[in-house]
Amino acid sequence: MTTKKRVGVLISGRGSNLQALIDANQAPDYPAELMVVISNVPGARGLDRATEAGIQTCVIDHKNFASREDFEAELETALNEAGVELLCNAGFMRLLTEGFVRHWLNRHINIHPSLLPAFKGLHTHRRVLETGAKITGCTVHFVRAAMDDGPIVAQAAVTVRPHDTEDSLAARVLEAEHKLYAHALKLVAAGTVRVEGEHVVGMAPEAGQTALFSPPLPDTL
Ligand code: GRF
C-alpha cells in the first residue's frame, strides 16, 4: 500500500466535519492520516473529538498574538512538528495571510456550506432562503487568499424544501458536508485530482464522483 498523506486539521468550534474525517480515517485503505488537530479557540468541542480518537491536539489562540503573521508562525511550527503534508480547514474561522496561503498552495482545502462561487461568507443558508433558490449545497475547494475562493475539488447539491428554515436547511447541508469532505480529502490525498490552471482536473471516473446529489436526481429528469 502507498503511504498515507499526513494531514493537519484546523478548527474553531463544533468539529462535526472533523468527526467525518476521523470516521473516514478508520478505513484501512483511506489515503490520509490525521496527525494533529489545531484550534484557534480554547475549549472548542472538536478538540474533544480529536482526543477521543487519539489524535494529537494543539490550541493556538489567535488572541495571544500581536499580528496574523505571528499567529501563523506558531501554526507553521505546530504543523511542521507533526510533519503535516496536507492541511484541512474544518470550520476554521480565521482568515489567513497571503504568505501562509502561498506556503500551503494546493496542499490546503476548505469546506464551505454553499455551492461556490455562490453565497461566499457567513449566514449562507439564510441568504439562500432569502433568494428563493431551489438548490444549495456545499463545496470543498483548495484555499486561496480571498475568502471561500479557490479551485473546486467537489460539490454536493442539496434541495431546498418549501418549508425549510435556516436550521433545517443547515442540518441537511451539514449531512452532505460530512460525506463530501471525507470523499474530497480522499481524492486529494490519493492524488486522484490535481490543480491545473486554477481548475481541479485529473478525475479518474472509476475513483468516484466530484458532484454528489442529495437526494439523487430522479431518472425522469
Ligand atoms: C460547516 O458548515 C463548514 O462548512 C463551515 O463551518 C461549519 C463548521 O461546522 N465552514 P463543524 O465545526 O465542522 O461542525
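Remember, it's 1-based here, ligands and their atoms both numbered in the order they're listed.
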Worksheet item: In terms of ring plane angle, is the pair H108 and W104 parallel, tilted or perpendicular, where the classes change at 30° and 60°?
Response: perpendicular
By side chain to side chain donor-acceptor pair (under 3.5 Å), E166 pairs with (sequence neighbours left out) R126
Within the 4.0 Å heavy-atom cut-off around ligand 1, the contacting residues, ordered by chain and number, are R14, G15, S16, N17, G91, I111, H112, P113, E177
Aromatic rings F71 and H62: how do their planes relate, parallel, tilted or perpendicular, breaks at 30° and 60°?
perpendicular
**OP:** Salt-bridge test for K179 and E177: reply yes if a basic N is under 4.0 Å from a carboxylate O, no otherwise.
**Re:** no
Problem set entry | Side-chain touch E72/S67, heavy atoms, less than 4.5 angstrom | no
* Chi angles and distances behind the side-chain contact (heavy atoms from CB on, under 4.5 Å) call for T139, V153 -> CA-CA 8 Å; T139 303; V153 178; over 6 Å; no
